[in-house]
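This report concerns only the one structure given below.
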There are 2 protein chains.
Amino acid sequence: MDERVPRDFETLRTTILERRHSLPKRIAQIAAYALDNPDDIAFGTAASIAASAGVQPSTLIRFAQQFGFDGFTSLQQVFRERLRERNSSYDERLAALRAKAEEGAGHRAIFDGFVAAASTSLSDISRALNDTHFEEAIALLAKAETIYVLAKRRSYPVASYIAYALGKLKIRNQLVESAAGLNAEMIAFATPRDAVIAISFSPYAPATIDETRLIAEQGVPIVAITDSSFSPLAQFAKVWFEVAEADFGGFRSLSATMALAMALTVAVGEKRRDAGRKRKA
Amino acid sequence: MDERVPRDFETLRTTILERRHSLPKRIAQIAAYALDNPDDIAFGTAASIAASAGVQPSTLIRFAQQFGFDGFTSLQQVFRERLRERNSSYDERLAALRAKAEEGAGHRAIFDGFVAAASTSLSDISRALNDTHFEEAIALLAKAETIYVLAKRRSYPVASYIAYALGKLKIRNQLVESAAGLNAEMIAFATPRDAVIAISFSPYAPATIDETRLIAEQGVPIVAITDSSFSPLAQFAKVWFEVAEADFGGFRSLSATMALAMALTVAVGEKRRDAGRKRKA
DNA sequence: GTCAATATGAAATAATAATTCCAATCTATA
DNA sequence: TATAGATTGGAATTATTATTTCATATTGAC
């Protein structure tokens, strides 16, 4: 038998799930109960847990031993540690992640760094988002005939998700891609009754800037997502959002931009539904 | 004296702070310790807590009685209850936001919901990521000649970001896009010396499944990012990651997948740099 | 400074909980 | 279906932990 003792909850969980089907009936019964009610394991006594799970206390100990612990008590530690960690405040956990990532403890640190960067970006934007601008942008996009989505390079993933979501919501949209170099022609169809979501971060992709200028000159209203008031996008936009993404290892997070983009998209969908209902009534 | 027993942590906290200055020295010492280290009170034994706080166990019991409890055990219940509640608060918050958004509580609720969904996903994956699998995936991808990136629809934004990042890191890669319907031909070039990152979530895009199968049959090793062990991708993959993304308003967050994807990419870049250095030395 | 009231320390005791052990019961295999 | 091996139930045992007790120290009022 594998003698390594799962020290943390997730490892234990994985191990349990792996062996799930080869466990004796009562042991499996406890395994299921433990994963369903981890809090009870953390706080209960062997007797009380055994009763809740419908087994004998001795079986509970056998369960612990089955997974390499020397008794119920040390198994319980894992469930308690989990609660402690979970409970430690968000910021504390972030700080810990960041510290670990910085001292460069292997590849796991890279992962932790990206998680930390994403979390930071999210809490930043959550504080910074201007409700008025947000409502303006939604109003503007909701009345557009077609929504053009414009972004290259690093911002392109966001644009493609917006396009996907708009499609799902049955909102006419056009992702301005550069595959065949026909962007200028595509843009030429846009009218002031349409609208644009443009996304670009420093260093601003020249193509995005040019196309945004072009489309702005045709009188199409623009909602921009960018990273500072000096951004060339800001001057063309009716409404613009400043999103500060934390970076790690040279790559910036996209999580805040994604959250904002999704919120915009879904809110536009809702606003349209409401408007449609009202017209009918 | 007030004989009502504080049943919840906040009441207890307030009561302690009120009486702080009229407490005997050692009792006050415990009071301070308890408010500073609530987790220790929740999980420790009377003896261990007393030792940490620098008092006798009996004093700890007197402290409990001072505040109307009949002993240490019932005092401890309050600290345990607090952990239980705190622990569930994240999911509850998300549920509350969902409800609020549904009853039409403005667009800000939608935004908050997406931020919460992203945060939840991040903290989930941060806990769940298996270090061993992560290292295996990096090793596998680092030695590939070309990395093929395969994802459609909802997962496509992640794929495009991976491709962008790989390009920046000067790692040869091929995003399998469906623009001209030449995917099969593109895949045919892949050899066992290459590797694949495939991403798909339920409902799995049939094209992704088919292409993954095809490329797996050619002996190309596959790293999959998907959402459960039942995923059809899992069976083709050498290594696979389970990523549970929270959803909001029908759209799932991508933040956890993004963080994982970025971490993989950058880690592969680092591993290659290290390998290159070693060869030269 | 003395005395009573209060607070504290340390060990003894009581209570509770974990673990072990053994008999009984299943399960798979020949 | 007989039998070895694994699994389970339940009581006995052991360990741990909370609580009580009592001697000692400290504090504050007179």
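Throughout, a chain's letter reflects where its sequence line sits, starting with A, and its residues are numbered from 1. For clarity, every value in this text was computed on a predicted model and none was experimentally measured.
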With the sugar-phosphate defined as primed atoms, P, OP1 and OP2, and the base as all remaining atoms, what B/S/- string results for nucleotides 12-17 of chain D, 5' to 3', for protein heavy atoms under 4.0 Å?
-----S

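- Rounded to a whole Å, the CG atom of B:D70 is 14 Å from the C1' atom of C:dA15.
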Test side chain to side chain contact (heavy atoms under 4.5 Å, CB included) applied to B:V243 and B:I199, step by step:
CA-CA 10 Å; B:V243 178; B:I199 309 166; over 6 Å; no

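- Residues satisfying the salt bridge (charged side-chain N to carboxylate O under 4.0 Å, His left out) criterion with B:D40, sequence neighbours excluded, are A:R84.
- For residues 187-200 of chain B, the set of pairs meeting the side chain to side chain donor-acceptor pair (under 3.5 Å) definition, not counting sequence neighbours, comprises B:E145-B:R193.
- Across residues 49-62 of chain B, B:Q56, B:S58, B:T59, B:R62 each have a non-hydrogen atom less than 4.0 Å from an atom of DNA chain C (numbered order).
- With rounding to whole Å, B:F69 atom CZ is found 16 Å from D:dA18 atom P.
- Residues forming a side chain to side chain donor-acceptor pair (under 3.5 Å) with B:S121 (at least two apart in sequence, or on another chain): B:E245.
- Looking at which nucleotide of DNA chain D each of A:I27 and B:G44 is closest to, the 5′-most match is held by A:I27.
- Distance B:K25 NZ to C:dT8 P: 8 Å, rounded to the nearest Å.
- A:Q77 has its CD atom 12 Å from the P atom of C:dA18, to the nearest Å.
- Atom C1' of nucleotide D:dA25 and atom CZ of B:R26 are separated by 12 Å, given to the nearest angstrom.
- Out of D:dT8, C:dA18, D:dA18, the shortest distance to the side chain of A:T73 is found at C:dA18.
- Not counting sequence neighbours, the partners of B:E10 by the salt bridge (charged side-chain N to carboxylate O under 4.0 Å, His left out) test are B:R13.
- Sorted by first and then second residue, the pairs that involve residues 43-52 of chain A and meet side chain to side chain donor-acceptor pair (under 3.5 Å), not counting sequence neighbours, are A:T45-A:S48.
- Atom C1' of nucleotide D:dT8 and atom CD of A:Q65 are separated by 14 Å, given to the nearest angstrom.
- Whole-Å rounding puts the A:L75 CG to C:dA18 C1' distance at 13 Å.
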Under the criterion side chain to side chain contact (heavy atoms under 4.5 Å, CB included), I'd like the reasoning laid out for B:F67 against B:L23: C-alpha separation, chi angles, the key distance, then a yes or no.
CA-CA 11 Å; B:F67 286 93; B:L23 292 172; 4.1 Å; yes

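- In this structure, the side-chain contact (heavy atoms from CB on, under 4.5 Å) partners of B:A198, at least two apart in sequence or on a different chain, are B:L150, B:V196, B:T212, B:I222, B:L233.
- For B:D210, the salt bridge (charged side-chain N to carboxylate O under 4.0 Å, His left out) criterion is met by B:R213, not counting sequence neighbours.
- If you take CD of B:Q76 and C1' of C:dA17, they are 14 Å apart, rounded to a whole angstrom.
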